[in-house]
Amino acid sequence: MIESQGKKGYVKCLGIPCNIYFVSGFIILAFVPLPLDFIALSNAGQSLIIPVGTGMTIVWNQILSPLVLKETFSRQDMYATSIIVIGVLVSTLFGTHASPVYTADTLLSFFGRAPFLILLFFVVVSQVCALLCIHFPKKTSKNLQLLALGYAPAIFGSLQIMFFKVVGELNKNTFDGVPLQIEKDVNGTKEIETKQHFQNEFLSWRIYVFVVFVVILAVMQFTYMNRGLSEHDAIKYLPVCLSVCSTHTILSS
């Protein structure tokens, strides 16, 4: 038991506070949105879903943090939030709204393309730098610590969303099928016929590998985000974290 100012505290298990507020918040954050996120990412592009979701999260955080957590909402915070909202509107209005259907082999081939590999190299290097700043705080300033603690879970989160998108696509292919175009010669005239090709992706090892990555990345994201929120005000921390997550998700998509 942790005692504070003569009052009984709460039990910590493996560093996790076991009280009703933390457990309720964890359930609402981790499990309630899961089926809704799965449906959304299966039926729309992540470059459309993520900016709207993160943008609205930032807006509501800036509204609720002063009311619930008694944090100070400055004029600078107002300007920064306004810029983020404008960015969300622009990316939503002018971004691609298409959600093409890909087979498992096509999805896997995307990971070997040069643009993605270049982005992945930059992400790995920058993530290592961020983790070094987090785990060696004496050598970094407070502002750099804020950026690092916002950057690290954002990268874990965006990668998790990308793999979650792949799982959703493979799941949709299993139940809805993949449209295949077949060219036929009818009386000397070429006609294109579209048929749904069904392939049970659950019989392949690929979907389970992506599920494992989703779980590992989700744990890493939650760990570092929880650390960031414990060391910095939500009104300062979440805009940094969610903005980086949204930007990287759009680039990777």
From CA spacing to verdict: side-chain contact (heavy atoms from CB on, under 4.5 Å), Asn143, Leu147: CA-CA 6 Å; Asn143 289 334; Leu147 291 175; 5.7 Å; no
Criterion side-chain contact (heavy atoms from CB on, under 4.5 Å) on Cys245 and Ile161, from CA distance to verdict: CA-CA 9 Å; Cys245 181; Ile161 292 169; 4.1 Å; yes
Shared hydrophobic cluster for Leu69 and Ile235 (ILVMFWY, side-chain gaps under 4.5 Å): no
Residue pair Phe116 / Met162, side-chain heavy-atom distance below 4.5 Å: yes
Heavy-atom neighbours of Phe122 CZ exceed 12 at 6.0 Å: no
Heavy-atom side-chain contact between Pro239 and Thr81 under 4.5 Å: no
Over 12 foreign heavy atoms within 6.0 Å of CZ, Phe73: yes
Contact summary for Cys241 and Met225, nearest pair of heavy atoms: SG-CE, 3.6 Å
hydrophobic_cluster_shared for Phe213 and Leu120, side chain cutoff 4.5 Å: yes
Minimum heavy-atom distance between Ala152 and Leu131, given as atom pair plus value: CB-CD2, 4.1 Å
Ile83 with Leu146, same ILVMFWY side-chain cluster at under 4.5 Å: no
Nearest heavy atoms of Ala148 and Pro153, plus distance in Å: O-CD, 4.4 Å
Side-chain heavy atoms of Tyr151 within contact of Gln127, under 4.5 Å: yes
Closest contact, heavy atoms only, Ser65 versus Ala234: OG-CB, 3.9 Å
Where Tyr237 and Tyr224 come nearest, the two heavy atoms and their spacing: OH-O, 3.6 Å
Cluster check Ile155, Phe164: I/L/V/M/F/W/Y, side chain < 4.5 angstrom: yes
Salt bridge (charged side-chain N to carboxylate O under 4.0 Å, His left out) contacts in which one or both residues fall within residues 232-251, not counting sequence neighbours: Asp77-Lys236
Sequence neighbours excluded - salt bridge (charged side-chain N to carboxylate O under 4.0 Å, His left out) pairs with any residue from residues 148-160: none
Joint cluster assignment, Met78 & Ile86, ILVMFWY side-chain distance < 4.5 Å: no
Heavy-atom side-chain proximity of Arg227 to Ile134 below 4.5 angstrom: yes
Leu238 versus Ile58, closest heavy-atom pair with distance: O-CG1, 4.5 Å
Euclidean distance, Phe156 CZ relative to Met220 CE, rounded to 0.5 Å: 4.0 Å
4.5 Å side-chain heavy-atom contact, Val244 and Ser158: no
